[in-house]
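Each remark here refers to the structure printed beneath this line.
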Amino acid sequence: MKPLLMMSLLFFILGITFLVLSKNENNKNYQFSGALFLIAGIIVATAQLI
């Protein structure tokens with residue numbers, strides 16, 4: 001597999017994990033980190049497509 005694709009999948013998984021943690025813990029820091037990881041995953045995925 002391509003390394004950029006693997007990195008974007010990792011970012012998506014991390015983002016979803018942090019968002020689930022923020023729901024369980026009611027913590028805004030986890031929510032912020034999860035959103036940032038999801039955005040980073042989208043950026044890396046689009047860089048892969050270009």
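Only this structure's heavy atoms are used, side chains among them; waters, hydrogens and symmetry mates stay out.
The CG atom of Asn26 lies 11.5 Å from the CG atom of Leu21; values are rounded to the nearest 0.5 Å. Summarising the geometry, atom CZ belonging to Phe18 is positioned 10.5 Å from atom CG belonging to Asn27; distances are rounded to the nearest 0.5 Å. To the nearest 0.5 Å, the span separating CG on Leu5 from CG on Leu49 amounts to 9.0 Å.
Following chains of ILVMFWY side-chain contacts shorter than 4.5 Å, one can reach Leu14 starting from Met7, so the two form part of one hydrophobic cluster. Leu10 and Ile13 are not part of a single hydrophobic cluster, where members link through side-chain heavy atoms under 4.5 Å apart.
Of all heavy-atom pairs between Ser8 and Ala45, the closest is CB-N, 3.9 Å.
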Report, one line per pair, each donor and acceptor closer than 3.5 Å where one atom sits in a side chain of residues 31-43; sequence neighbours left out.
unit_1	atom_1	unit_2	atom_2	d
Ser33	OG	Asn29	O	3.1

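Crowding of Tyr30 atom OH: a count of heavy atoms from other residues, nucleotides or ligands under 6.0 Å not exceeding 12.
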